[in-house]
> 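What follows is a single structure, and I will ask about it in a moment.
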Amino acid sequence: MPNIQNSVQNIYTLENLAAGGTVIHRLHPAAKMLSALFFIVTVVSFDRYAVLSLTPFVFYPAVLMALSETPHLMMFKRFFAALPFCLFAGIANVIFERSAAFSLGGLTVSFGTISLITLLFRTYLCVMAVLILIATTPVMEITGQLRRVRVPAIFVTLFEMTYRYTGVLLEEAAFMHTAYSLRGRSQKGIEMRHMGSFVGQLIIRSFDRAERVYAAMKCRGYALREFHARERKFTARDMVFAAMVFSFCVFFRMVSIDAVINALARF
Amino acid sequence: MHMADALISPAVGSALYAVSAAAVAYSTAKIKKDALCEKKVPIMGVAGAFVFAGQMINFTIPATGSSGHIGGGILLAGLIGGPAALLVISAVLIIQCLFFADGGLLALGCNIFNMGVIPCLFIYPLLFKRITGKGLNYKSITAASIISVVAGLQIGAFGVVLETLASGVTELPFEAFIALMQPIHFAIGIAEGIVTAAALCFVQNARPEILESTSNSTRIGSSVPIKKILGVMVIVTVFTGGVLALFASSNPDGLEWSMERAAGTAELEAEGTAFNTAAAIQETTAFMPDYSFANAGEDPPLIGTTVAGIVGGVLTLVLAGGTGFIISRIKSGKGRTA
């Protein structure tokens, strides 16, 4: 089933990328997490026609992807996952906001169209910020940071285990799906009347595996406790990175880029 | 039903973050009290991976030509209990957000609330457990599953509508939005409810101990009054939403508010003739005064400035792309010489 195989591939590709050793990879996870969050909050704080004011924010993904040697095309494909609902809201704006914003060579562009473009652009920026974070930071570093800020051990361990076993169970589901397809008639998905026993079977396999996992963990001395992740120094380099991202965001949030462009156009 | 970052405002995102964080903290505390807590965590981890895998498998809905997949909230709550299911769904949503761009980082609070808190902490104890309370059999499991999944999806979809409209990113009228969202999610709910019921009945038949242990272990009604949970959530929502709305009304956004707190002023004041000239130019020529286009109904701005704006925007994008390209070239050049 291509859907499942793609998902497994997705996880492993990002994990491989995160294992890199570029200047961005070496930054403290807290610096990258806070910067990504601050960037997203700044981007979504613009109003819904601010497409021009948002353009300088492309520098963030462009520069970070180049510095971290992350392939853009691969990341761009994932942007489509976030699209359906945004397109729905954006197209609704095109229908409901028909008043003209400006006309260009006889072509009138409505406010709705501008808000659709802004929404898509905003989606692109936010998706890229998250993907760059995960493509440059190993999951264990992120969960280590969560432990350092005292997120309960139960939740962090649960997250780590879900992440680790997602690939395993996706493969299990793919095996079952292949077996079903080979026995059944050629069809796209599983018939709804078979889905209950299919999912039920997967549940039982998962629970059996969970029992074995728990037994194996116990054999190796597992005990759920609040342990503190290895301290990692927040160096001057991390500080400079975070300060640069923060000031970049604040600067372009305050200074209207279209005014600068128009001023330049007048000269 | 996953909401993206671009669909919400910082105020709505933070308010729902606070509510979901409170719900996750509550569930964590609840699990910790369980004597089998240590054993439950690996089971929950694998159950999370199961939900993930389950959501990837599409089933064909007869006579419609369309397909659906399981959502997992009620199914998981039926297997491992409400609070544990909320933690698992939250972990799954975080992975979907980080690795698959499915739902945003700022929108995570909204997504956990719509798809986790509603089915696991409200619908499961209030509907599912009440219906199956008199005895676990195929009839009660089927009725409970369908009713709970439909109710959970309806309330969740309504949450999406409210959160999107409160964020002000769409012009879609409330009635039209509701008329689009609710019937679609009703149909999805029926199909998903039937599959959830069939899966739970299968497990009940093959391993009755799984469902029975869940059904007996978490008697929510007696140990934790649901009114208390509701009360805390209402207080958290009203407080966060109210506080943020207060700042949002007096200041255009939270960022400017924080600027005001940090710098003593909402706008960075720059002095000097160059800045004054720039400000004057901005006032007379701004393509989008105060970050928006000229008001609707007014004369459209001069074509010259419009073209300049668009060309400038495209140039900025090219410049950003070019910077990235140059850095990549320099880095790959270095790699070759090394």
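In the text below, chain A, chain B and the rest are named by the order of the sequence lines, each starting its count at 1.
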> Going by side-chain contact (heavy atoms from CB on, under 4.5 Å), name the residues that satisfy it together with A:Arg164, two or more places apart in sequence or in a different chain.
A:Glu15
> Hey, which of A:Phe121, A:Tyr124, A:Phe159 has the most heavy atom pairs under 4.5 Å with chain B?
A:Phe159
> In the structure I gave you, are the side-chain heavy atoms of A:Leu119 and B:Leu7 within less than 4.5 Å of one another anywhere?
yes
> When rounded to the nearest 0.5 angstrom, what is the spacing between CZ in B:Phe99 and OH in A:Tyr12?
11.5 Å
> What part of B:Leu200 is in contact with chain A, defined as an atom under 4.5 angstrom from a non-hydrogen atom: side chain, backbone, both or neither?
neither
> Which one, B:Leu105, B:Val92, B:Leu98, B:Ile43, leads in non-hydrogen pairs under 4.5 Å with chain A?
B:Leu98
> Only pairs of heavy atoms separated by less than 4.5 Å count here; which of A:Gly112, A:Ala129, A:Ala66 has the most with chain B?
A:Ala66
> Where does A:Tyr60 contact chain B at under 4.5 Å (heavy atoms): side chain, backbone, both or neither?
neither
> Can you tell me which of A:Asp208, A:Thr118, A:Val43 forms the most heavy-atom pairs within a distance under 4.5 Å of chain B?
A:Asp208
> What option among A:Arg209, A:Glu211, A:Arg205 has the most heavy-atom pairs under 4.5 Å with chain B?
A:Glu211
> Just jot down the side-chain contact (heavy atoms from CB on, under 4.5 Å) partners of B:Ile194, sequence neighbours excluded, or say none.
A:Met192, B:Ile146, B:Ile190
> Need one label for B:Leu75: side chain, backbone, both or neither, based on atoms under 4.5 Å from any heavy atom in chain A.
side chain
> So which part of B:Val88 gets closer than 4.5 Å to some heavy atom of chain A, the side chain, the backbone, both or neither?
both
> Could you measure the distance from the OG atom of B:Ser27 to the CD1 atom of A:Ile154? Nearest 0.5 Å is fine.
10.5 Å
